[in-house]
**Student:** 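Right, I'll just put the structure down here and ask away after.
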Amino acid sequence: MATDKKVLAFDLYGTLLSTESIAQQLESHFPAKASSISNLWRRYQLEYTWRLNSMGIYEPFSEITRNSLLHALAEHDESLDDHAMANLMNAYDNLSTFPDAKPTLTQLASIPTVASVVFSNGTQTMVSNSVQNSPDLSPYASLFAEIVSVESVKQYKPAPAVYFHLAERLGKSHPQLNEIWLVSGNPFDVVGARSVGLNAIWVDRNGRGWVDAAVPHLRPTVVVKSLEEIVAVISDA
């Protein structure tokens with residue numbers, strides 16, 4: 001995909017789709033522990049990607065997602081049979097969007113000067129299934145000009161290679177990197193994008209402000225409290 005438009009590259013998990021919504025699936029198995037297991041599952045899902053990056057090892061995000069669930073369950077002294085595990089993995093294709101996603105995507109559909117893409121750690125199959133099959137997200141599938149997964153790079157965010165891969169897929173050369181605006185609710189993703197010269201909009205839904213100090217001089221280009229604010233941001237850019 002080559003485009004002269006400004007590009008909004010939306011992170012999927014934790015930005016458009018709420019990984020916390022998986023807790024509803026866990027409640028049928030562990031009513032008192034669902035929220036805690038869900039939070040730990042997400043924590044290990046991300047931690048595993050960083051560990052693997054550091055070791056130069058790649059495992060598909062689907063396997064990482066399954067293994068991190070097993071880890072979270074074990075720490076709670078719980079387990080699930082194969083059928084229940086399969087159902088939970090399938091539920092990842094049907095995560096709920098955050099409330100601010102739908103009105104934002106509706107507005108973006110009417111702005112011809114902006115191209116929107118999905119840019120995710122998920123495998124191509126996982127991300128495509130979510131965009132095409134999620135009840136919340138599928139109505140906006142045609143908005144996304146491209147689905148870009150890190151799968152072909154075999155590294156995870158925030159490795160520089162994945163952001164350069166995004167730029168290559170969009171037909172953007174090095175001088176054009178600032179025409180790409182990452183949109184993410186994950187600080188590590190924002191820092192990764194900024195480290196290679198992309199613009200980055202951090203979605204601070206909790207309103208706590210930027211506190212990430214991994215690389216103190218790398219900060220979001222813009223901070224918003226709702227996805228709906230990015231329409232004005234990209235229009236003025």
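Side chains are part of it too, since the values below use all heavy atoms of this structure and drop only hydrogens, waters and symmetry mates.
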**Student:** Which atom pair, heavy atoms only, marks the closest approach of Leu198 to Ile180?
**Tutor:**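 Between these two residues, the closest heavy atoms are CD2-CG2, 3.8 Å.
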**Student:** Does the side chain of Ser130 come within less than 4.5 Å of Leu12's, by heavy atoms?
**Tutor:**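 They are in contact (side-chain heavy atoms under 4.5 Å apart), so the answer is yes.
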**Student:** Rounded to the nearest 0.5 Å, how far does CD1 of Ile111 lie from NZ of Lys6?
**Tutor:**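 Here the interatomic distance stands at 9.0 Å.
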**Student:** Measure across Ala34 and Glu27 and return the closest heavy-atom pair with its distance rounded to 0.1 Å.
**Tutor:**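 Distance-wise, the nearest heavy atoms are CB-CG, 3.4 Å.
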**Student:** Just by distance, with hydrogens left out, do Gln132 and Ser138 show a side-chain donor and acceptor under 3.5 Å apart?
**Tutor:**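 On atom types as modelled, these side chains do not qualify, holding no pair under 3.5 Å.
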**Student:** Over all heavy atoms of both residues, which pair between Asn178 and Trp181 is shortest? Give the atoms and the distance, please.
**Tutor:**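 Answer, listing the atom of Asn178 first, then Trp181: O-NE1, 3.8 Å.
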**Student:** Assigning hydrophobic clusters by single linkage (Ile, Leu, Val, Met, Phe, Trp, Tyr; side-chain heavy-atom cutoff under 4.5 Å), is Val127 placed with Leu46?
**Tutor:**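 Hydrophobic grouping puts Val127 apart from Leu46.
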**Student:** Step through it carefully: locate the ring centre of Trp41, locate the ring centre of Tyr92, and say whether they are under 6.0 Å apart.
**Tutor:**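 Ring centres of Tyr92 and Trp41 closer than 6.0 Å.
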**Student:** Is any side-chain heavy atom of Val222 closer than 4.5 Å to one of Val224?
**Tutor:**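 With C-beta onward as the side chain, the pair touches.
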**Student:** Find out whether Glu75 and Ile37 are in side-chain contact, i.e. whether some heavy atom of one side chain is under 4.5 Å from a heavy atom of the other.
**Tutor:**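 No, every pair of side-chain atoms sits at 4.5 Å or beyond.
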**Student:** Give a yes or no on whether the backbone of Thr125 and the side-chain of Ser128 come within a donor-acceptor separation of less than 3.5 Å.
**Tutor:**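 Not at all, since once roles are kept as given, no pair shorter than 3.5 Å links the two residues.
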**Student:** Identify which one of Asp11, Asn121, Asp212 satisfies the side chain to side chain donor-acceptor pair (under 3.5 Å) criterion when paired with Asn186.
**Tutor:**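 Exactly one candidate clears the test, Asp11.
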**Student:** Phe61, Leu69: one ILVMFWY side-chain cluster at the under-4.5 Å cut-off?
**Tutor:**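 Hydrophobic grouping puts Phe61 with Leu69.
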**Student:** With distance as the sole test, does Thr123 use its side chain to make a donor-acceptor pair with the main-chain N or O of Met126 at under 3.5 Å?
**Tutor:**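 Pair found, side chain donor or acceptor close to backbone of Met126.
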**Student:** Rounded to the nearest 0.5 Å, how far apart are OG of Ser79 and CZ of Phe30?
**Tutor:**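 Here the interatomic distance stands at 6.5 Å.
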**Student:** Taking the side chain as every heavy atom from C-beta outward, state whether Arg205 and Phe98 have any atom pair closer than 4.5 Å.
**Tutor:**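 Arg205 reaches Phe98 side chain to side chain.
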**Student:** Would you please indicate yes or no on a ring centroid separation below 6.0 angstrom for Tyr163 and Phe119?
**Tutor:**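 When the ring centroids of Phe119 and Tyr163 are compared, they turn out to be within the sub-6.0 Å range.
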**Student:** Say whether, by atom type as modelled, one donor and one acceptor occur between the side chain of Thr15 and the main chain of Gly185 under 3.5 angstrom.
**Tutor:**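 Flag set: sc Thr15 to bb Gly185 pair under 3.5 Å.
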**Student:** Would Tyr156 and Tyr48 count as a side chain to side chain contact (heavy atoms under 4.5 Å, CB included) here? Give the steps.
**Tutor:** CA-CA 10 Å; Tyr156 287 103; Tyr48 281 12; over 6 Å; no
**Student:** Please check if the side chain of Ser195 supplies one atom and the backbone of Gly192 the other of a donor-acceptor pair under 3.5 Å.
**Tutor:**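 Yes.
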**Student:** For a side chain to side chain contact (heavy atoms under 4.5 Å, CB included) check, start with the C-alpha distance between Val118 and Val148, then their side-chain angles and the critical distance, and finish with the verdict.
**Tutor:** CA-CA 6 Å; Val118 173; Val148 182; over 6 Å; no
**Student:** Does some side-chain heavy atom of Arg194 sit less than 4.5 Å from a side-chain heavy atom of Thr221?
**Tutor:**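 Yes, close enough: below the 4.5 Å cut-off.
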**Student:** Apply the test side chain to side chain contact (heavy atoms under 4.5 Å, CB included) to residues Asn67 and Ile64: give CA-CA distance (whole Å), side-chain angles for both, the deciding distance (0.1 Å), then the verdict.
**Tutor:** CA-CA 5 Å; Asn67 292 340; Ile64 289 174; 5.9 Å; no
**Student:** State whether a side-chain donor-acceptor pair under 3.5 Å links Asn87 with His83.
**Tutor:**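 The criterion, which ignores hydrogens and geometry beyond distance, is satisfied for His83 and Asn87.
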**Student:** Thr49 vs Lys157, test: side chain to side chain contact (heavy atoms under 4.5 Å, CB included). Steps then yes/no.
**Tutor:** CA-CA 8 Å; Thr49 63; Lys157 301 175 180 182; over 6 Å; no
**Student:** Provide the closest heavy-atom pair for Thr19 versus Gly14 in the form atom of the first, atom of the second, distance.
**Tutor:**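 So the two residues come closest at CG2-N, 4.2 Å.
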**Student:** Please state whether the rings of Phe188 and Trp50 are parallel, tilted or perpendicular, taking 30° and 60° as the class boundaries.
**Tutor:**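 The rings of Phe188 and Trp50 stand perpendicular, inter-plane angle above 60°.
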**Student:** Applying the 4.5 Å side-chain criterion to the ILVMFWY set and letting contacts propagate, would Phe164 and Val191 be lumped into a single cluster?
**Tutor:**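 Phe164 and Val191: separate clusters.
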**Student:** Counting only heavy atoms not in Glu20 (residues, nucleotides, ligands), do more than 12 fall under 6.0 Å from its CD?
**Tutor:**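 Counting neighbours around CD of Glu20, 12 or fewer heavy atoms of other residues, nucleotides or ligands fall under 6.0 Å, so no.
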**Student:** Can you tell me how far CD of Gln24 sits from OG of Ser96, rounded to the nearest 0.5 angstrom?
**Tutor:**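 Ser96 OG to Gln24 CD: 5.5 Å, rounded to 0.5 Å.
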**Student:** On a heavy-atom basis, which atom in Leu166 and which in Ala9 lie closest, and how many Å separate them?
**Tutor:**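 Closest pair (atom of Leu166, atom of Ala9, distance): CD2-CB, 3.9 Å.
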**Student:** Please tell me whether Leu182 and Val203 are part of a single hydrophobic cluster in this structure, the criterion being side-chain heavy atoms less than 4.5 Å apart.
**Tutor:**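 Same cluster.
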**Student:** As an exercise, state the distance from CG of Leu52 to CE of Met55, rounded to the nearest 0.5 Å.
**Tutor:**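 Here the interatomic distance stands at 5.0 Å.
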**Student:** Please give me the minimum heavy-atom distance between Ser149 and Gln124, naming the atom from each residue.
**Tutor:**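 Closest approach of Ser149 to Gln124, heavy atoms only: CB-OE1, 3.3 Å.
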**Student:** Measure from the side-chain N and O atoms of Gln176 to the backbone N and O of Ser173, and report whether any donor-acceptor pair falls under 3.5 Å.
**Tutor:**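 Indeed, once roles are kept as given, a pair shorter than 3.5 Å links the two residues.
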**Student:** Please name all residues satisfying side chain to side chain donor-acceptor pair (under 3.5 Å) with Glu47, sequence neighbours left out, ordered by chain then number.
**Tutor:**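 Checked Glu47 against side chain to side chain donor-acceptor pair (under 3.5 Å); matches are Arg51.
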**Student:** Are Leu17 and Ile230 connected in the hydrophobic side-chain network, where two residues link if heavy atoms are under 4.5 Å apart?
**Tutor:**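 Yes, Leu17 connects to Ile230 through the hydrophobic network.
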**Student:** Could you go step by step and tell me if Glu179 and Lys172 meet the salt bridge (Lys or Arg N to Asp or Glu O under 4.0 Å) rule?
**Tutor:** CA-CA 8 Å; Glu179 296 176 7; Lys172 300 290 187 183; 2.6 Å; yes
**Student:** Can you tell me how far the CG atom of Asn39 sits from the NZ atom of Lys33, to the nearest 0.5 Å?
**Tutor:**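 So the gap between those two atoms works out to 14.5 Å.
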**Student:** In terms of relative ring orientation, are Tyr44 and His71 parallel, tilted or perpendicular, with 30° and 60° separating the classes?
**Tutor:**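 The rings of Tyr44 and His71 lie parallel, inter-plane angle below 30°.
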**Student:** With a 4.5 Å heavy-atom cut-off, do Val183 and Trp202 have their side chains touching?
**Tutor:**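 They are not in contact (no side-chain heavy atoms under 4.5 Å apart), so the answer is no.
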**Student:** Could you check if a side-chain atom of Val190 sits within less than 4.5 angstrom of a side-chain atom of Pro220, using non-hydrogen atoms only?
**Tutor:**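 In short, these two side chains touch, coming nearer than 4.5 Å.
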**Student:** Run the numbers on Thr65 and Gln45 for side chain to side chain donor-acceptor pair (under 3.5 Å), then give the verdict.
**Tutor:** CA-CA 6 Å; Thr65 300; Gln45 184 190 51; 3.0 Å; yes
**Student:** Going by atom types alone, do Thr104 and Gln107 pair a side-chain donor with an acceptor below 3.5 Å?
**Tutor:**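 Result is no, nothing qualifies.
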**Student:** Leu137 versus Leu105: any side-chain heavy-atom pair under 4.5 Å?
**Tutor:**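 Yes, their side chains come closer than 4.5 Å.
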**Student:** If you count the non-hydrogen atoms of other residues, nucleotides and ligands that lie under 6.0 Å from CG in Asp82, is the total more than 12?
**Tutor:**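 No, not enclosed.
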**Student:** Nearest 0.5 Å, what's the OG-CG distance between Ser116 and Leu108?
**Tutor:**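 Ser116 atom OG to Leu108 atom CG measures 4.5 Å (nearest 0.5 Å).
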**Student:** Give the C-alpha distance, both sets of side-chain angles, the deciding distance and a yes or no for salt bridge (Lys or Arg N to Asp or Glu O under 4.0 Å) between Asp204 and Lys225.
**Tutor:** CA-CA 5 Å; Asp204 177 22; Lys225 293 182 180 179; over 6 Å; no
